[in-house]
Amino acid sequence: MLRIGSVVMGVADMERAAAFWTAALGYVPREEMTDDWVVLVPAQGAGPQLSLGLSETPVQDHPRVHLDLYAGDAADQAAEVERLLALGATRVDWELYPDDADFVVLADPEGNRFCVIDTAHG
């Protein structure tokens with residue numbers, strides 16, 4: 001039986017991307033980062049890996065695959081969004097928000113989009 005081992009994200013600046021995602025998720029490199037690859041793992045306990053690979057592919061405005069980061073409720077979501085913005089993320093002015101969205105779309109310093117989800121939302 002197969003299982004997901006790692007989510008892989010393309011980046012143009014390995015050091016910048018690794019710095020953002022380690023701070024954002026509390027992850028650490030599994031082994032020493034190279035010029036074109038790093039696997040990040042949870043510093044505390046088990047969880048999904050995030051692998052960053054050097055890429056020249058342009059960032060997509062509407063990516064087919066992205067990360068959903070879960071927050072406990074609306075207050076936690078708002079606090080996490082502000083923390084991520086302080087780390088270098090940017091808000092995405094996304095035209096596809098539903099009227100009662102439970103998610104906020106952000107982009108990491110590389111432009112890769114991800115969502116912060118209010119998991120207590122209706």
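Along the sequence shown, the residues carry numbers beginning at 1.
- Applying the side chain to side chain donor-acceptor pair (under 3.5 Å) definition to pairs two or more places apart or across chains, those involving residues 100-109 are Trp21-Asp108, Asp100-His121, Asp108-Asn112.
- Of all the heavy atoms in Leu84 and Ala24, the pair that sits closest is CD2-CB, 3.4 Å.
- Closest heavy-atom contact between Gly10 and Ser55: CA-CB, 3.8 Å.
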Working for side chain to side chain contact (heavy atoms under 4.5 Å, CB included), residues Gln77 and Ile117: CA-CA 7 Å; Gln77 178 190 44; Ile117 312 295; 5.6 Å; no
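- No side-chain heavy atom of Phe114 sits less than 4.5 Å from a side-chain heavy atom of Pro63.
- Val11 and Trp37 sit in two unconnected hydrophobic clusters of ILVMFWY residues. Membership requires side-chain heavy atoms under 4.5 Å apart, directly or through other members.
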Could you pull out every donor-acceptor pair under 3.5 Å between side chains of residues 86-96 and any protein atom, sequence neighbours left out?
residue: Arg91; atom: NH2; partner: Glu82; partner atom: OE2; Å: 3.4
residue: Trp94; atom: NE1; partner: His62; partner atom: ND1; Å: 3.3
residue: Glu95; atom: OE2; partner: His62; partner atom: NE2; Å: 3.1

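- Taking Pro98 as the reference, Ala101, Phe103 meet the side-chain contact (heavy atoms from CB on, under 4.5 Å) condition, with sequence neighbours excluded.
- Tested against Val38 for a side chain to side chain contact (heavy atoms under 4.5 Å, CB included), the candidates Met33, Glu31, Glu32 yield a single pass: Met33.
- By the rule that hydrophobic residues join a cluster once side-chain heavy atoms approach within less than 4.5 Å of another member, Val8 and Val41 end up as members of one cluster.
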Donor-acceptor list for residues 67-75 side chains, cut-off 3.5 Å, not counting sequence neighbours:
residue: Asp68; atom: OD1; partner: His66; partner atom: NE2; Å: 3.0
residue: Asp73; atom: OD1; partner: Ala75; partner atom: N; Å: 3.2
residue: Asp73; atom: OD1; partner: Asp76; partner atom: N; Å: 2.8

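- Taking both residues in full, the closest heavy atoms of Arg64 and Gln60 are given as N-OE1, 3.5 Å, listed atom of the first, atom of the second, then distance.
- In this structure, Leu40 and Thr22 have side chains that are in contact, with non-hydrogen atoms separated by less than 4.5 Å.
- With sequence neighbours excluded, the residues satisfying side chain to side chain donor-acceptor pair (under 3.5 Å) with Gln49 are Arg30.
- Taking every heavy atom of both residues into account, Pro42 and Pro48 meet most closely at CD-O, 3.9 Å.
- A donor-acceptor pair under 3.5 Å is absent between the side-chain atoms of Arg113 and the main chain of Val105, judged by distance alone.
- Evaluation of the side chain to side chain donor-acceptor pair (under 3.5 Å) test over residues 3-20, restricted to residues two or more places apart or in two chains, returns Ser6-Ser51, Arg16-Glu110.
- With rounding to the nearest 0.5 angstrom, the OH atom of Tyr27 is 7.0 Å from the CG atom of Leu50.
- Under the 4.5 Å side-chain criterion, counting only non-hydrogen atoms from C-beta, Leu54 is not in contact with Asp35.
- Residue Val59 is not grouped with residue Met9 when hydrophobic side chains (ILVMFWY) are merged at heavy-atom distances under 4.5 angstrom, including chains of intermediate members.
- Both Val116 and Val7 sit in one connected hydrophobic cluster of ILVMFWY residues. Membership requires side-chain heavy atoms under 4.5 Å apart, directly or through other members.
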